[in-house]
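I have placed the structure first, in the form of structure tokens, so that the comments after it can refer back to it.
Note: hydrogens, waters and symmetry copies are ignored here, and every other heavy atom, side chains too, is used.
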Amino acid sequence: LLAAEHLQAMQVGIAHVHHAWPPTPFPATGLGGHVPTVLLGSPTGSPTITSRSCGNQPLQASMALPFLQPQLMKATTRDPVPAAIPRVKVLCIVAPDSDAHLADNRLVGHPDNLQALQSAGASVEIVNASCLCQGQRLAKTRKTTELIGEKNVIFWAPLGGNAKSLAHGLTHLRCWLEAAQSRMTTVIILEASASLQSGVPWTTVVQAAAAMSSQGRELLLLASGSDAAAGVKKGGTNLSSAYAFSPLGCEALRHRQVLFSRCVVDASCLVSLLAWGGNSPGTSQDAKRLNLSSWAPLKTEAVGLLRTGCAGASVPASPPPPLPRPAKNGGVKVFVISLPHRADRRVEPLVGSPAALSAMRNAGFDVELLRASCYCERDAMKRQGSLCRFVHGFRWARFKHYEGAAESMTEEEEARMRDAINKNYLLPAEHLINPGKTKGYVFDTNWPGATSCAMSHIRALMNAALGGYEMALVFEDDSAIPSQVARERGWCDTCKGDLCKCPSSWASCIEEAVELMRQAPSLDALYLGLGESFEEPGTAEDILEADSDSDEDLGGITEIGYTWCAHAILYSRSALDDILALRLNEHIWAQDEMIPHLYGRKPWNHRYIKALRKAGWQRRWVVGAPSGFIDEGWVYQLENLTSERKHDLGLGTAAISSNSQVF
């Protein structure tokens with residue numbers, strides 16, 4: 001009855017989508033609110049009706065609904081649907097604390113190989129692996145939160161497992177959940193440290209993965225030969241370095257996806273369970289404890305097209321290629337920086353909530369929830385002297401501390417720095433740096449998260465700069481709009497508590513900030529949120545004067561001095577160009593100190609200024625804040641609120657620093 005009622009809608013849908021693949025379902029609603037989906041180009045060649053009222057089990061029209069067959073055949077043979085060409089997507093897993101793949105062009109993660117995969121017809125997505133920090137949380141507490149797209153998913157693991165193995169397995173489960181959402185797509189999962197077998201081109205890999213669907217296969221092990229099971233049993237085969245799911249395999253993952261969040265074990269064990277089920281030679285004790293041995297195996301084939309690592313001598317590291325001058329494309333890029341385990345900060349009314357992200361996108365802004373750098377990247381950069389990261393597509397850059405950051409410090413030099421602060425700043429040196437701690441402060445401000453926080457911000461700004469955007473707005477995930485500010489600005493007139501809960505206020509905030517910056521072409525950055533000020537602000541409205549006679553007046557802009565807090569800053573194109581020209585990624589310090597040293601009237605760290613000048617810095621930035629909000633700005637940071645105010649907000653742990661013992 002449902003199919004008969006929607007026959008006409010089906011025919012319209014077939015006529016509408018026959019030129020496109022994959023076809024889009026016709027959005028008609030039937031009895032009981034069910035939405036039938038018309039799938040064209042099915043393996044049997046006949047139209048298929050899938051009804052959500054019958055467990056998503058397809059019904060072949062020729063078998064279940066014979067009285068509809070003449071009309072359906074007439075509709076489909078009038079203008080036949082072209083055969084579907086399976087799409088291929090590659091997920092390349094990149095470890096956050098390793099850059100070996102960028103130094104050796106034999107490894108999968110090298111840009112040359114990623115571009116070769118694209119040339120072979122695949123779309124390529126770089127997946128930043130879950131770090132050791134996440135593995136440690138799983139090992140100690142059994143659970144952690146991860147981002148799947150922009151959704152929070154809680155993962156569980158056996159207590160006391162190996163942190164590195166758990167992080168490895170967690171990364172692959174994230175890829176599986178993404179593959180489970182793929183429709184009519186072959187998904188290849190490759191670790192950046194894998195490499196091609198000698199003489200094998202990337203076209204062969206892509207074609208082999210795309211062809212397995214026609215052979216009824218669901219899983220293709222790409223780094224193992226026909227003796228893969230024996231190799232796993234002996235412990236000499238790593239199945240997780242390269243494998244692929246056909247569209248049928250992705251469908252099988254979709255049926256099991258509810259289990260994935262509760263089965264974090266080593267990645268090679270997980271792939272082994274998919275390939276051989278409960279009889280897997282690689283089933284670990286942890287997997288048995290989690291009852292994963294009951295998994296039914298997928299239809300699997302093994303081919304030796306790739307291998308783990310590289311044979312032969314290692315290749316010496318090469319310097320990063322020069323970054324091109326980007327074409328100016330216009331538009332505003334908005335970043336919300338968030339650590340994956342801080343799901344408590346991706347809630348309303350904070351900027352990283354789904355409602356706020358949606359409101360900003362609906363207003364026309366390009367919004368990205370950026371996976372923040374963590375301690376693992378900081379430690380790797382310190383250990384190696386530098387760390388290379390992808391910053392925009394396949395373009396990469398080297399991150400390192402500024403020149404002179406780690407040099408020894410004499411008592412005379414320390415006294416010189418502290419005297420400069422006492423002489424030129426509103427607050428004494430003791431407020432900025434504890435006595436005897438100056439050497440550590442000029443390295444990473446004696447704050448555990450300073451380096452990784454700065455890396456996150458610079459990654460975001462380089463991404464926007466290379467993308468050719470007109471402006472870039474960088475938020476940290478504990479940013480919130482006070483209801484009083486929202487009322488004064490006219491963004492909201494209904495919220496009565498401390499914080500505005502209207503997602504539309506975020507869109508209004510950005511729209512007005514962008515317009516303010518466009519009215520002040522000399523401006524390099526506009527602070528939408530402010531912390532402690534160490535220098536007096538300029539004369540009121542000295543950058544942009546308010547026009548009180550205009551109904552559309554947004555207020556003025558007042559220049560600010562050396563100011564802490566980087567939780568909500570809008571950068572102009574001139575600032576983005578400077579970030580590329582100065583290679584700010586090679587001058588990492590703390591974000592709260594790096595940016596103020598570019599615009600402060602009396603910057604105190606002569607080491608940092610010397611490094612900037614050596615890189616070509618000449619022009620002091622012009623930086624301001626909205627006039628009338630010069631104390632705290634339009635956007636507050638939860639961490640900076642008093643304990644009483646934090647408690648009153650009712651946001652639980654969201655106001656607690658990520659450097660605290662809690663996190």
Please name the pair of heavy atoms, one in [X] and one in [Y], separated by the smallest distance, quoted to 0.1 Å.
| X | Y | result |
| --- | --- | --- |
| E150 | L357 | OE1-CD1, 3.5 Å |
| N105 | N113 | O-ND2, 3.0 Å |
| A507 | A359 | CB-O, 3.7 Å |
| E476 | C453 | OE2-SG, 3.7 Å |
| V442 | R607 | CG2-NH1, 4.0 Å |
| C565 | D592 | N-OD1, 3.2 Å |

Self-check item: Test side-chain hydrogen bond (donor to acceptor under 3.5 Å, both in side chains) applied to D97 and Y375, step by step
Solution: CA-CA 9 Å; D97 58 351; Y375 295 157; over 6 Å; no
Give, for atom [atom1] of [X] and atom [atom2] of [Y], the distance between the pair rounded to the nearest 0.5 Å.
| X | Y | atom1 | atom2 | value |
| --- | --- | --- | --- | --- |
| C509 | M360 | SG | CE | 9.5 Å |
| L544 | L516 | CG | CG | 6.5 Å |
| L528 | I569 | CG | CD1 | 8.5 Å |
| I126 | W396 | CD1 | CH2 | 12.5 Å |
| M462 | I458 | CE | CD1 | 8.0 Å |
| L369 | S353 | CG | OG | 10.5 Å |

side-chain contact (heavy atoms from CB on, under 4.5 Å) with L598: of L584, I579, V623, D578, only one passes, and it is L584
*More than 12 heavy atoms of other residues, nucleotides or ligands under 6.0 Å from CD of Q484: is that the case?*
no
* **Neighbour count above 12 (heavy atom, 6.0 Å) for E545 CD** => no
Check: [Y] and [X] side chains under 4.5 Å, non-hydrogen atoms:
| X | Y | value |
| --- | --- | --- |
| Y571 | L473 | no |
| P482 | V635 | no |
| N463 | F390 | no |
| S627 | I543 | no |
| I560 | I630 | yes |
| V205 | L190 | no |
| S658 | R342 | yes |
| M471 | V514 | yes |

Show your working on side-chain hydrogen bond (donor to acceptor under 3.5 Å, both in side chains) between T186 and R87 and close with a plain yes or no. CA-CA 6 Å; T186 296; R87 298 173 296 175; over 6 Å; no
Whether [X] side chain and [Y] backbone form a donor-acceptor pair below 3.5 Å:
| X | Y | value |
| --- | --- | --- |
| R459 | R371 | yes |
| D542 | T539 | yes |
| R487 | C495 | yes |
| E191 | S193 | no |
| S572 | D524 | yes |
| R183 | P247 | no |
| Q134 | T145 | yes |
| E535 | K602 | yes |
| S119 | Q115 | yes |
| D99 | C388 | yes |

ring-ring contact (aromatic ring centres under 6.0 Å, His included) test vs Y527 passes for just one of W621, F629, Y599, namely Y599
Would you say [Y] and [X] are linked by a side-chain donor-acceptor pair, where the criterion is simply a distance under 3.5 Å?
| X | Y | value |
| --- | --- | --- |
| S373 | R378 | no |
| N128 | R389 | yes |
| D366 | Y469 | yes |
| Q637 | S479 | no |
| Y562 | H597 | yes |

Sidechain N-carboxylate O distance under 4.0 Å for [X], [Y]:
| X | Y | answer |
| --- | --- | --- |
| R361 | E368 | no |
| R518 | E470 | yes |
| R345 | D478 | yes |
| E348 | K501 | no |
| R398 | E586 | no |
| E403 | K610 | no |
| D444 | K382 | no |

Do [X] and [Y] have ring centres separated by under 6.0 Å?
| X | Y | value |
| --- | --- | --- |
| W491 | W634 | yes |
| F335 | H457 | no |
| F534 | W564 | yes |

task: Could you check whether the rings of Y608 and W589 sit parallel, tilted or perpendicular, using 30° and 60° as the cut-offs?
output: tilted
- request: Begin from the C-alpha positions of S130 and E146 and carry the test side-chain hydrogen bond (donor to acceptor under 3.5 Å, both in side chains) through to its verdict.
  value: CA-CA 8 Å; S130 299; E146 262 293 355; 2.8 Å; yes
Item to complete: Could you please spell out the steps behind the side chain to side chain contact (heavy atoms under 4.5 Å, CB included) verdict for K333 and V367?
Response: CA-CA 6 Å; K333 179 80 174 186; V367 183; over 6 Å; no
Could you go through H101 and V108, starting from their C-alpha distance and side-chain angles, then the distance that decides it, and tell me whether this counts as side chain to side chain contact (heavy atoms under 4.5 Å, CB included)?
CA-CA 7 Å; H101 56 282; V108 168; over 6 Å; no
- Message: If you apply the rule side chain to side chain contact (heavy atoms under 4.5 Å, CB included), what do you find for E377 with T451, and how did you get there?
- Response: CA-CA 9 Å; E377 294 171 57; T451 300; over 6 Å; no
* Dump the intermediate steps for side chain to side chain contact (heavy atoms under 4.5 Å, CB included) on S123 and Q118, then the final yes or no. => CA-CA 6 Å; S123 64; Q118 279 193 338; over 6 Å; no
